[in-house]
Amino acid sequence: MVVTARWVEQGALRYTPAGLPAVDLTLEHEGTTTEAGMARRVTFKLKAVALGPVVRQLQVVAADSLAHWSGFLAPTRNGKGVVMHVTQIEPAV
């Protein structure tokens, strides 16, 4: 999955039981798409987590700049929702 978004909340650096660095994020996407032949505005926030080497990539992404966030969705620990596990971050051009 790839989403173009900016991060609006960033948690403190923590470490997993395996010793990997981890940072919890909230990403915010705003855009438009076409649905049933009509333009539709789409805005949402998505919980995300960066692990391992991706944490270093995160350090160079400013909160107000758009980036392409690649990764996969997984269930949250309590099973009531999903969280995006970020595997790559690229600046949006």
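Residues V49 and R14 have side chains in contact (heavy-atom distance under 4.5 Å, counting atoms from C-beta outward). Side-chain contact between M84 and K47 is absent, with no heavy atoms from C-beta onward closer than 4.5 Å. At a threshold of 4.5 Å between non-hydrogen side-chain atoms, the residues L66 and H29 do not count as touching. Considering only heavy atoms from C-beta on, V61 comes within 4.5 Å of W7 through its side chain. Looking at heavy atoms from C-beta onward, Q10 lies in side-chain contact with L58 at the 4.5 angstrom threshold. Residues L13 and V55 form a side-chain contact, since some pair of their non-hydrogen atoms from C-beta on lies under 4.5 Å apart.
Transitive grouping of hydrophobic side chains (ILVMFWY, heavy atoms separated by less than 4.5 Å) brings V82 and F44 into a common cluster. In the hydrophobic clustering of ILVMFWY residues, with side-chain heavy atoms under 4.5 Å counting as a link, L27 and F72 come out apart. Linking Ile, Leu, Val, Met, Phe, Trp and Tyr whenever their side-chain heavy atoms come within less than 4.5 Å puts V86 and L73 in one cluster.
With Q57 contributing its side chain and I89 its backbone, the two residues share a donor-acceptor pair below 3.5 Å. Remark: the backbone N or O of S70 is paired with a side-chain donor or acceptor of T87 at under 3.5 angstrom. For the pair T34 (side chain) and M38 (backbone), a donor-acceptor distance under 3.5 Å is absent.
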- Query: What do the steps show when you test T32 against V42 for side-chain contact (heavy atoms from CB on, under 4.5 Å), and what is the final call?
  - Reply: CA-CA 6 Å; T32 57; V42 178; over 6 Å; no
- Task: Evaluate the criterion side-chain contact (heavy atoms from CB on, under 4.5 Å) for residue pair L25 and W69; output intermediate values, then yes/no.
- Result: CA-CA 12 Å; L25 304 160; W69 304 80; 3.9 Å; yes
- Query: Should V54 and Q88 be marked as a side-chain contact (heavy atoms from CB on, under 4.5 Å) after you check the CA-CA gap, both sets of side-chain angles, and the distance that decides it?
  - Reply: CA-CA 6 Å; V54 179; Q88 186 173 357; over 6 Å; no
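Closest of all the heavy-atom pairs between A22 and T16 is CB-CG2, 4.2 Å.
The existence of a salt bridge linking E28 and R6 is excluded, since no basic side-chain nitrogen approaches an acidic carboxylate oxygen closer than 4.0 Å.
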